[in-house]
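Accompanying notes for the structure given below.
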Amino acid sequence: MKKVSINHFSGDAVDLAKFLLGKLIEYKGHKAMIVETEAYKDDQASHANKITPRSEIMYSTHGHVYVYLIYGMYHCLNFTTNKGERGAVLIRALEPLEGLEEMHKRRKTDKIHNLCSGPGKLCQALNITKEINSTKIHDKLKLYHYKEIPEEDIHATTRIGITKALELPWRFYIKKNKFISKS
DNA sequence: TACTGGATTCACT
DNA sequence: GTGAATCCAGTAA
């Protein structure tokens with residue numbers, strides 16, 4: 001399998017969000033395909049809106065892993081992008097491929113579609129924690145080309161920005177994929 | 001130093 | 001459909 005080049009992470013977050021669909025994540029012996037993503041850049045509701053020690057990585061790097069804790073209980077996996085500008089792509093759902101037994105154990109469920117169908121769920125299933133925050137892609141978490149997703153199979157949704165009349169962020173998912181999140 | 005609230009999930013009704 | 005769990009980054013003082 002061919003590694004995804006870091007060069008892909010120097011462009012716009014929206015482009016990257018779309019590009020990442022169908023790519024394969026390998027981490028700690030687990031393999032899973034990305035089926036749902038969300039792009040963040042100028043949205044007031046996102047960490048990308050302001051430079052802080054936590055979000056600094058989104059300004060200063062591209063092609064890095066950005067993991068943070070939400071609601072005190074769940075981790076969210078992001079990739080930084082947009083060289084020279086703020087931006088990140090949140091991974092919202094995965095299709096599990098290998099390492100399912102451990103995923104079931106961690107998630108405490110026997111339903112396969114409940115393993116990685118949400119940002120918090122997939123981090124729990126793959127044991128992704130802040131331990132890999134700010135590491136480079138391919139350093140600990142690896143990313144490979146896996147499946148080409150035709151344009152017509154990609155669904156894009158928008159959300160109106162909180163204070164700006166911008167349609168941000170852009171959420172992308174693979175149509176008819178049973179592993180996408182419900183929300 | 002203290003307070004506030006969130007890029008979520010799950011149990012319960 | 002609603003609310004609780006839970007903790008730390010960000011902010012104000």
Side-chain angles (χ1 to χ4, degrees), chain A residues 9 12-21 23 25 27 32 34-82 85-96 102-135 137 141 154-174 177-183:
Chain A
F9 294 80
D12 191 77
V14 174
D15 293 335
L16 179 70
K18 205 168 163 184
F19 168 79
L20 285 174
L21 292 178
K23 300 296 176 289
I25 286 180
Y27 183 63
I34 300 172
V35 297
E36 187 175 347
T37 60
E38 201 162 276
Y40 285 88
K41 39 185 199 176
D42 270 337
D43 197 312
Q44 286 244 328
S46 87
H47 303 168
N49 189 52
K50 206 168 214 176
I51 304 179
T52 62
R54 178 170 66 167
S55 65
E56 192 267 342
I57 180 175
M58 282 193 278
Y59 291 79
S60 60
T61 71
H62 65 283
H64 279 61
V65 178
Y66 172 42
V67 181
Y68 62 88
L69 191 66
I70 186 70
Y71 298 114
M73 330 169 74
Y74 299 103
H75 293 277
C76 289
L77 171 66
N78 300 250
F79 296 128
T80 63
T81 182
N82 225 354
E85 289 184 50
R86 58 196 172 193
V89 175
L90 169 70
I91 307 303
R92 293 192 56 88
L94 302 172
E95 178 176 332
E102 270 203 67
M103 292 187 200
H104 280 294
K105 268 187 209 163
R106 286 208 198 86
R107 291 279 304 126
K108 298 183 176 73
T109 176
D110 51 6
K111 297 188 178 77
I112 187 167
H113 66 262
N114 206 17
L115 291 179
C116 303
S117 57
K121 294 179 187 177
L122 68 92
C123 287
Q124 197 176 29
L126 271 70
N127 200 17
I128 292 171
T129 64
K130 287 199 290 185
E131 174 195 342
I132 60 163
N133 184 39
S134 80
T135 60
I137 286 166
L141 185 147
I154 297 175
H155 189 271
T157 61
T158 62
R159 188 178 90 194
I160 305 299
I162 285 179
T163 58
K164 298 176 185 179
L166 292 173
E167 292 189 341
L168 289 168
W170 284 62
R171 186 181 292 186
F172 296 96
Y173 60 87
I174 301 173
N177 187 290
K178 60 178 174 179
F179 296 99
I180 57 174
S181 68
K182 282 179 186 169
S183 52

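Order of the sequence lines fixes the chain letters, A, B, ..., with proteins taken first and strands second; residue numbering starts at 1 for each chain. Model, not experiment: these values are computed from the prediction.
A/L90 comes within contact range of at least one nucleobase, with a heavy-atom separation under 4.0 Å. If you check every strand for non-hydrogen atoms under 4.0 Å, A/G120 touches sugar and phosphate atoms only. Residue contacts shown for A/K108 are absent, as no nucleic acid heavy atom lies under 4.0 Å away.
Nearest to the side chain of A/L69, among B/dT8, C/dC7, C/dA9, sits C/dC7. Relative to the side chain of A/M73, the nucleotides C/dT6, C/dC8, B/dT9 differ in distance, and C/dT6 lies closest. Distances from the side chain of A/K121 to the nucleotides B/dA7, C/dA9, B/dT9 place B/dT9 closest. When each of B/dG6, B/dT9, C/dA9 is scored by its nearest atom to the side-chain atoms of A/R54, the top-ranked nucleotide is C/dA9. Distances from the side chain of A/P119 to the nucleotides B/dT9, B/dA7, C/dC7 place B/dT9 closest.
To the nearest angstrom, P of B/dA7 lies 11 Å from CE of A/M58. Here B/dA7 presents its P atom at 11 Å from CZ of A/R92, a figure rounded to the nearest Å. As a whole-Å value, the separation of A/Y71 OH from C/dG3 C1' is 13 Å. Atom CD of A/Q124 and atom P of C/dT6 are 14 Å apart (whole Å). Atom pair A/E56:CD and C/dA9:P shows a separation of 15 Å (rounding to whole Å applied). For the pair A/I180 CD1 and B/dA7 C1', the interatomic distance rounds to 17 Å; values are reported in whole Å. A/E36 places its CD atom 12 Å from the C1' atom of B/dA7, with the value rounded to the nearest Å. Rounded to whole Å, the distance from CD1 on A/I51 to P on C/dT11 is 12 Å.
For the P atoms, the distance from C/dT6 to B/dA2 is 22 Å, rounded to whole Å.
For A/K130, a side-chain nitrogen or oxygen approaches OP1 or OP2 of C/dA9 to under 4.0 Å.
Base pairing of B/dC12 is made with C/dG1, judged by Watson-Crick or G-U wobble geometry with both donor-acceptor distances under 3.5 Å. Across the strands present, C/dT6 finds no partner; the criterion is a Watson-Crick or G-U wobble pair with both atom distances under 3.5 angstrom.
Distance OG1/A/T157 to CZ/A/F172: 8.5 Å, rounded to 0.5 Å. Once rounded to the nearest 0.5 Å, the distance linking CZ of A/R107 with CG of A/L126 reads 11.5 Å. The distance from atom NZ of A/K178 to atom CD of A/E95, rounded to the nearest 0.5 Å, is 7.5 Å.
Heavy-atom distances to DNA chain C give each of A/Y74 and A/S55 a nearest nucleotide, and the one nearer the 5′ end belongs to A/Y74.
Residue-to-nucleotide contacts include no donor-acceptor pair under 3.5 Å from the side chain of A/Y68 to the base of C/dA9.
Scored by the ring pair (Phe, Tyr, Trp, His ring centres under 6.0 Å) test, A/H113 finds no partners at all (sequence neighbours excluded). Residues that satisfy the side-chain contact (heavy atoms from CB on, under 4.5 Å) test with A/A32, not counting sequence neighbours, are A/L94.
What you find for A/L122 and A/I91 is that their closest heavy atoms are CD2-O, 3.4 Å.
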